[in-house]
Amino acid sequence: MRIGAHVRSDTHPVETAEKLGVDVIQMFVQDPQSFDKPQPHPQTEALKASPLEIVVHSAYRINVASLNNRLRMPSRNAVALQAQAAADLGAFGLVVHGGHLREGEALDEGIENWRKLFTRQAEKGGFGVPILIENTAGGEGAIARQLEAIDRLWDAVGDQGAGFCLDTCHAWAGGEDLLGIVERVMAITGRIDLVHLNNSRDEFDSARDRHANLQDGTIDPDLLADVARAAGAPIILETPADGLAEDVAYLKEALA
């Protein structure tokens, strides 16, 4: 089982990974709150020379589903640029949130914008790495909160190489029972490429995205370990930094 962690804005990710004892890291390639063009990471050569597997998380501002041209168009451009930056690091994918719509906007239109992201990029030679769509926690206009919506999304993008990232906190907060979640997702997408294994500070179906350390939240940590085991995909812990090392140790023991 490949266990990893999100290293956030760490300027020495290889050393951090060694200290944590992880095999996989997730990182940003730019300020997560901006659309700035990614710059070469100062540790690129060290990252490529290390045995670590790398996955990149896209900027939080990205919303390719949006019906607002002033948000959707820079989002499309940012996905392409960040996917190329991920490829330059040797990453195996770029995680992108499902996005959301404003009140009164039709889900089908948001899904169509996701389809266009892939078809238009295909005309330019495709993305530098696979795009891993992540389920999200809340908001009435969320594109990928509930499995029913993800099913409709996958009808549009599933045959275009889209991958899937399952976030346990998001699923829990979004009202999806974690018992059997892997099997239900696989029935829709046919794949889980990455798991964000996070506990939640909030109750089931809260629509609140607040991560907790594995043994400190409202989700039974044994259930989280079961999800990790069933998925058989690389695991990234996005839990609070103060307890991250303990989370790695707990999960290694739970999955041994």
Side-chain angles (χ1 to χ4, degrees), residues 32-33 35 57-80 82-83 93-123 126-127 130-178 180-196 198 200 202-210 231:
Q33 301 298 341
F35 282 132
H57 198 300
S58 67
Y60 295 134
R61 291 189 65 190
I62 288 174
N63 185 359
V64 299
S66 176
L67 306 192
N68 180 347
N69 286 340
R70 288 180 294 178
L71 178 55
R72 182 178 69 258
M73 301 310 292
S75 292
R76 285 179 180 170
N77 185 56
V79 170
Q82 290 172 36
L94 176 72
V95 178
V96 182
H97 286 171
H100 59 276
L101 302 172
R102 295 172 294 192
E103 184 177 359
E105 294 177 336
L107 177 64
D108 286 346
E109 292 186 67
I111 289 174
E112 175 63 11
N113 284 337
W114 261 107
R115 186 191 68 78
K116 289 178 180 177
L117 172 77
F118 285 98
T119 57
R120 293 182 179 184
Q121 191 64 29
E123 295 170 358
F127 291 107
I131 305 302
L132 312 182
I133 302 174
E134 180 180 357
N135 62 307
T136 50
E140 291 301 319
I143 294 292
R145 173 180 176 177
Q146 295 171 323
L147 294 187
E148 179 183 359
I150 294 171
D151 194 4
R152 293 167 66 180
L153 175 60
W154 231 254
D155 284 342
V157 303
D159 62 351
Q160 299 192 61
F164 190 76
C165 172
L166 172 63
D167 187 299
T168 53
C169 174
H170 294 178
W172 173 265
E176 293 290 345
D177 187 351
L178 292 185
I181 187 71
V182 168
E183 291 77 10
R184 296 197 304 280
V185 168
M186 290 289 288
I188 293 169
T189 65
R191 59 194 293 171
I192 294 176
D193 300 87
L194 182 70
V195 175
H196 284 170
N198 305 306
S200 172
D202 301 289
E203 297 299 325
F204 180 77
D205 204 18
S206 65
R208 303 187 71 182
D209 179 14
R210 300 197 303 170

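Computed from a predicted structure; not experimentally measured. Note: hydrogens, waters and symmetry copies are ignored here, and every other heavy atom, side chains too, is used.
- The main-chain N or O of Asp167 is found under 3.5 Å from a side-chain atom of Asn135 such that the two form a donor-acceptor pair.
- Applying the 6.0 Å contact sphere to CD of Gln33 captures more than 12 heavy atoms from other residues, nucleotides or ligands.
- Of all heavy-atom pairs between Arg72 and Val64, the closest is CG-O, 3.5 Å.
- Put simply, CD1 on Ile150 and OG1 on Thr189 are 8.5 Å apart, with the number rounded to the nearest 0.5 Å.
- Although no hydrogens or angles enter the test, the distance criterion places a donor-acceptor pair under 3.5 Å between the side chain of Gln82 and the main chain of Ala59.
- Of all the heavy atoms in Ala83 and Ile131, the pair that sits closest is CB-CD1, 4.2 Å.
- Panel note: side chain Gln160, backbone Ala156; a donor-acceptor pair is recorded below 3.5 Å.
- Using a cut-off of 4.0 Å between Lys/Arg side-chain N and Asp/Glu carboxylate O, Asp205 and Arg145 are scored as salt-bridged.
- Minimum heavy-atom separation, Asp193 to Gly163: OD1-CA, 3.2 Å.
- Between the side chain of Gln121 and the backbone N or O of Gly126, at least one donor-acceptor pair lies under 3.5 Å.
- Between the CG atom of Leu166 and the CE atom of Met186 there is a distance of 11.0 Å, given to the nearest 0.5 Å.
- Distance alone, capped at 3.5 Å, places no donor-acceptor pair between the Asp202 side chain and the Ala207 backbone.
- Aromatic ring orientation, Phe204 versus Trp172: perpendicular (interplanar angle above 60°, classes split at 30° and 60°).
- Counting only distance, with no hydrogens or angles, the side chain of Asn113 and the backbone of Ser66 share a donor-acceptor pair below 3.5 Å.
- Residues Glu112 and Arg115 are paired through a salt bridge, judged by an N-O separation under 4.0 Å between the basic side chain and the carboxylate.
- Residue Phe164 comes nearest to Ile133 through the heavy atom pair CD1-O, 3.3 Å, listed as atom of the first residue, atom of the second, then distance.
- When all heavy atoms of Leu94 and His57 are compared, the closest pair comes out as CD1-C, 4.1 Å.
- For Gln146 (side chain) and Gly175 (main-chain N/O), no donor-acceptor pair under 3.5 Å exists by modelled atom type.
- A distance-only check finds no donor-acceptor pair linking the side chain of Ser200 to the backbone of Cys169 [under 3.5 Å].
- The aromatic rings of His170 and His97 sit perpendicular, their planes meeting at an angle over 60°, well past the 30° parallel limit.
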